[in-house]
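The basis for the numbers below is simple: all heavy atoms, side chains too, and nothing from hydrogens, waters or symmetry mates.
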Amino acid sequence: MNKFSRDQAAGLRNLVSLRPDSSVRVITVTGGAKGIGKTEVTVNLAAALAEKGKRVLLIDENACPNNICTRLGLKARFDLIHVIQQDRRLDQVILQGAENLYVLSAQKGIHVLSRLDMTGQKRLVKSFSQISELIDVILIDTAMEGGTHVLPLSLASEQVLVVISGSAVSLTGAYALIKIMSKEYAKKHFLVFVNKAETKLAAQTVFENFSRVVRKYLEITPEFAGFTEIDEKIFQSNRLCRPVLGLFPGSHAGNNFRLLADNVLYAPGTDYFEGMVEGFMQRLIHTSHLSMAI
């Protein structure tokens, strides 16, 4: 199976060391269907990265209650739209979660980026430049319905993490996402995470079958990023609005998310963009006219 272990991931650190120290990693998390646990994966990946000392900004395109703030026990009073309209500063909109975790609700703001004039664009980019020194990784949790901006968010990111399950709807939707990004916009690198598998073997089978179809028809080789099994500890952590790594640090689920963090950080297939947080915002503004209804 196309995967790499902790030892292999460690061996790729030399590749990552070639990146400029000032670069910010940007990863978009998406999936092929609702209900596959995409936000759950995003939150726990963020916690695993934070555990490694990375300062993580979570950008959330989802509406309450099915969003990151709810999963972390936070309440967002403001949105990116308030920064765009100059009602609030960016630092007033970003919420502090656990150590090294920050959350920016952007469900409304992302949808007006394409309408910004040049002055508005420059002002927004400048706002993000003021937090560049505070952030190492940006994780974006995309919406899964309506006027989702998964396409511009993904194209502005270095990596796209596609969350799938064993359901036909999930696999079909994930295939459609990869197809349009690869065929229409030449995106070539995709990480795939199998969530809510019944067993490790079942997760391997789901990925291998999905990867075979993608390679055959799209000429893309997705990277296996990991898996989680159906686990009561994950359900309990969701109910308590905490990452599973925080509540059950020694659990299999927690270790699986740590491995996911390693695989994301040291994946060989990455579209590297030099620059800091404001560079990401500039790319997102440029791609924001693209839309993809799901």
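- Val150 and Val169 are not part of a single hydrophobic cluster, where members link through side-chain heavy atoms under 4.5 Å apart.
- The two residues Ala46 and Leu58 make their nearest non-hydrogen contact at CB-CD2, 3.7 Å.
- Of the charged side-chain nitrogens involved, none lies within less than 4.0 Å of a carboxylate oxygen, so that Glu229 and Lys200 do not count as a salt-bridged pair.
- Inter-residue side-chain proximity for Val43 and Leu101 is flagged as unmet; no heavy-atom pair is nearer than 4.5 Å.
- Residue Phe210 is tested with Thr205, Ile164, Val194 for a side chain to side chain contact (heavy atoms under 4.5 Å, CB included); the sole match is Ile164.
- The only option from Asp262, Asp136, Asn100 that meets the side-chain hydrogen bond (donor to acceptor under 3.5 Å, both in side chains) definition with Lys52 turns out to be Asp262.
- Note on Ile81 and Ile59: same hydrophobic cluster, where clusters join Ile, Leu, Val, Met, Phe, Trp and Tyr whose side-chain heavy atoms are under 4.5 Å apart, directly or indirectly.
- Put simply, CG on Leu191 and CD1 on Ile27 are 8.5 Å apart, with the number rounded to the nearest 0.5 Å.
- Proximity of a side-chain donor or acceptor of Asp60 to a complementary backbone N or O of Asn67 within less than 3.5 Å is not detected.
- Remark: Gln236 CD to Ser251 OG distance equals 10.5 Å, nearest 0.5 Å.
- No side-chain heavy atom of Leu80 sits less than 4.5 Å from a side-chain heavy atom of Val93.
- Between the side chains of Arg283 and Thr287, no donor-acceptor pair is found at a separation under 3.5 Å.
- Here the straight-line distance linking atom CG of Leu260 with atom CG of Leu49 works out to 8.0 Å at 0.5 Å rounding.
- Between the side chains of Asn195 and Thr228, at least one donor N or O sits under 3.5 Å from an acceptor N or O.
- Across Val264 and Arg25, no two heavy atoms sit closer than the pair O-NH2, 3.1 Å.
- Checked for salt-bridge contact, Lys233 and Asp231 miss the test: no charged N lies under 4.0 Å from a carboxylate O.
- Remark: side-chain polar atoms of Gln282 are not paired, donor with acceptor, to backbone N or O of Val125 under 3.5 angstrom.
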Go through the steps for Leu218 and Lys183 under the test side-chain contact (heavy atoms from CB on, under 4.5 Å), then give the verdict.
-> CA-CA 8 Å; Leu218 302 181; Lys183 294 294 186 182; 3.9 Å; yes

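- Surrounding CD of Glu99 are at most 12 heavy atoms belonging to other residues, nucleotides or ligands under 6.0 Å away.
- With no hydrogens or angles considered, a side-chain donor-acceptor pair links Asn238 and Glu40 at under 3.5 Å.
- Rounding to the nearest 0.5 Å gives a distance of 10.0 Å between CG of Leu134 and CG of Leu57.
- Under the side chain to side chain contact (heavy atoms under 4.5 Å, CB included) test applied with Thr30, the options Ile178, Val160, Asp141 reduce to a single match, Val160.
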In sequence, state the C-alpha distance, the side-chain angles, and the governing distance for Ile68 and Thr39, and then conclude on side-chain contact (heavy atoms from CB on, under 4.5 Å).
-> CA-CA 6 Å; Ile68 286 173; Thr39 298; 4.0 Å; yes

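- With hydrogens and angles ignored, the 3.5 Å screen pairs a side-chain donor or acceptor of Asp79 with a backbone N or O of Gln107.
- When all heavy atoms of Arg215 and Pro222 are compared, the closest pair comes out as CG-CD, 4.4 Å.
- Atom NE2 of His82 has more than 12 neighbouring heavy atoms from other residues, nucleotides or ligands inside a 6.0 Å radius.
- In summary, Glu232 and Arg239 engage in a salt bridge, as defined by a charged side-chain N under 4.0 Å from a carboxylate O.
- Between Asn263 and Gly226, the shortest heavy-atom contact is ND2-N, 4.4 Å.
- Atom-to-atom distance recorded for Asn44:CG and Arg242:CZ is 11.0 Å, nearest 0.5 angstrom.
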